[in-house]
Asker: 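Below is one structure. I have some questions about it.
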Protein chains: 2
Amino acid sequence: MNIVRHQPRPSAKRESVLDAAQACFLELGYAATSMDLVAARAGVSKATIYAHFASKEDLFAAVIHRRCGGLWAAECWPLECGARATLIAAGTRMVDLMTAPDTLAMYRVVVAEAARQPDLARVFWEAGPGQGKARLTAVFEELVQRGELIAPDPWAAADQFAGMLRAEIFHRTLLGLPNPEGRSAESTIVAAVETMLKAYGRN
Amino acid sequence: MNIVRHQPRPSAKRESVLDAAQACFLELGYAATSMDLVAARAGVSKATIYAHFASKEDLFAAVIHRRCGGLWAAECWPLECGARATLIAAGTRMVDLMTAPDTLAMYRVVVAEAARQPDLARVFWEAGPGQGKARLTAVFEELVQRGELIAPDPWAAADQFAGMLRAEIFHRTLLGLPNPEGRSAESTIVAAVETMLKAYGRN
DNA sequence: GTCTATATTTCGATAGAC
DNA sequence: GTCTATCGAAATATAGAC
C-alpha cells in the first residue's frame, strides 16, 4: 500500500522480478497472478521478492510505475507538410500505440484495479493516454499557428480527434472482439482526418 | 464454463443470490468476490448457491446476462425537430447511459475478465455498447433520409459521434479520475454536435 | 540478500442430514 | 432445496539458516 519507492537502484534479481511480474500481471491480471508464479518465472525464491517489495500490491505499483515511466516520452511526433498529412501521421502513430498488445493489456489491468488503487490510475493516465493527448494537442496548436486549421480550442479539437480514433474498433479490441465487418483501423483514421478537416479546415 | 442457462424460472433465493452477486462483482471485481461473501450478503448458505449455479464462473455469467438483457432495450431515442436538437438529445442520452455508475462498474469488470471469458465480452457488447451504437446509427440514417445530413456511411458517422462523446472525460471517469479543469460532459456533447454538423451538415 | 521450508488464511467446491 | 460442517488446494507472507 505504501507508494514511496524504496531504493530504485538497479539490482539484477530485482529487475528479474520486475520483468517476470510485468509479464504475469499483463497476461493474467492482478488477482490471477500469484507470487509463486512470479518467483518461478523470475528464477528466484518468493522470499527474495519480499526482500525487495513489501507486498503484492507494492510489486504491482512498481511494475506500473516502471512501465509507464517514459512510455510515450521518446516518441517523436512528425509534423508533415500540410494538415492532412500531419493528422494522418499523428493519428496512425496514436492508433499504433493504443492498440499495441502491451498497451491494451496495461489498460485492462489498470482499469480493473483502478477502484482499489486510485493512485495507479493517475500515474498510468499521466504517463500514457495523457501524454498522447498532450502531444496531439501540441500538433493541433502548431497547425492552428501555421494557419492550416481554425480551432479556437485546440484541446477540444484534439479530444475529438482522439475520440474518433478510439471509437468502436478500439473498444472491441479492448474487449477481445473482432473488428466489425469490413471496417479497419486505417479507414477509421482516414475518416477521422476528413471530418476534422471539414470541421476545422480553412475553407 | 457452461453457458447454457439451466432453468431461468424465477426463485426467491435464486434472485437473492443474483442480486448479491451483482453487487459484489460490480463493487469488488470478479476475483475479489468470494462465494462466502455472496452467500452472506444474500442471506443463504454457500451450498444453496451451488444448487443453482455450477461454479463461480457460471454465476458471473448469469449476472452479466441478466444485467445486460434489455439494458438499453427499453430506451426510446427521441427524434427532435432538426438535426442539431436530435443529436444533442441522442448524445445526452448516450453519455448519461455510458457514465451511469453501474454501467461503468460493469465495463470495468467485463474488461478485466474479457481475456479469460471471451463469451461474456461478446454478450456484454451486444447488449450494451452495441445497442447504443445501433440506435445511434439508426438516428443518423433517419437524419440522412430526411435530408438533414449528408453522410454516405451513417455507421461511420455514428462511430465518430460516439467516439467524440466517449473521449477524455469518459476514459478518465472510467479510471476514477476527476474531469480535466474546466471541462464538462455538456460542453463535450455540444462541441461534438457542432463538429458533426460542420462535417455532415447540408451546407 | 538469498534460499528452503512452513505458518496461516482463505477460497472454491462438496458430503450428508433434513 | 437448503442447511451445517468440512475437505483440499492455493494463496500471501514469514522464520531461520547461510
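In the text below, chain A, chain B and the rest are named by the order of the sequence lines, each starting its count at 1.
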Asker: Between dC3(C), dC3(D), dT2(C), which nucleotide has the shortest distance from any of its atoms to the side chain of Ala47(A)?
Answerer: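 So the nucleotide nearest the side chain must be dC3(C).
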
Asker: Over how many whole Å does the gap from Tyr30(A) atom OH to dT12(D) atom P extend?
Answerer: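 Taking OH of Tyr30(A) and P of dT12(D), I get 8 Å after rounding.
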
Asker: When the distance from OH of Tyr50(A) to C1' of dG1(C) is rounded to whole Å, what number comes out?
Answerer: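 The distance from OH of Tyr50(A) to C1' of dG1(C) comes to 17 Å, rounded to the nearest Å.
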
Asker: Nearest-Å distance, CG (Leu37(B)) to P (dA13(C))?
Answerer: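 It works out to 15 Å between those atoms.
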
Asker: Mind calculating the distance between CE (Met35(A)) and P (dA11(D)) to the nearest angstrom?
Answerer: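 So the two atoms are 12 Å apart, to the nearest Å.
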
Asker: What I'd like to find out is whether the side chain of Tyr30(A) reaches to under 4.5 Å of the side chain of Lys56(A), using heavy atoms alone.
Answerer: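 Of all side-chain heavy-atom pairs linking Lys56(A) with Tyr30(A), at least one is under 4.5 Å.
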
Asker: Quickly work out the Asp36(A) CG to dT14(D) C1' distance and round it to whole Å.
Answerer: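 The distance from CG of Asp36(A) to C1' of dT14(D) comes to 13 Å, rounded to the nearest Å.
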
Asker: Is there a side-chain contact between Gln131(B) and Glu126(B), using heavy atoms and a 4.5 Å cut-off?
Answerer: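 They are not in side-chain contact.
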
Asker: Nearest whole angstrom, please: distance from the C1' of dC3(C) to the NZ of Lys13(A).
Answerer: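 Roughly 9 Å, once rounded to whole Å.
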
Asker: How many whole angstroms separate atom CG of Asp58(A) from atom C1' of dT12(D)?
Answerer: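 It is 14 Å, rounded to the nearest whole Å.
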
Asker: Does a donor on one side chain and an acceptor on the other come within less than 3.5 Å for Tyr200(A) and Gln160(A)?
Answerer: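 A donor-acceptor contact under 3.5 Å links the two side chains.
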
Asker: Does a side-chain N or O of Thr48(A) approach OP1 or OP2 of dT2(C) to a distance below 4.0 Å, or not?
Answerer: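 No.
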
Asker: Base, sugar-phosphate alone, or nothing: which one does Lys46(A) contact when heavy atoms must sit under 4.0 Å apart?
Answerer: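 The answer is base, as Lys46(A) lies within the cut-off (heavy atoms under 4.0 Å) of a base atom.
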
Asker: Quick check for you: to the nearest 0.5 Å, what is the distance between Ile49(B) atom CD1 and Met35(B) atom CE?
Answerer: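 Result: 5.0 Å between the selected atoms.
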
Asker: Measure CD1/Ile49(A) against P/dG1(C) and give the value in whole Å, please.
Answerer: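 Between P of dG1(C) and CD1 of Ile49(A): 14 Å.
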
Asker: When we call it a touch if two heavy atoms are under 4.0 Å apart, what does Ser34(A) touch: a base, just sugar-phosphate, or nothing?
Answerer: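 Ser34(A): backbone/sugar contact only, no base atoms under 4.0 Å.
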
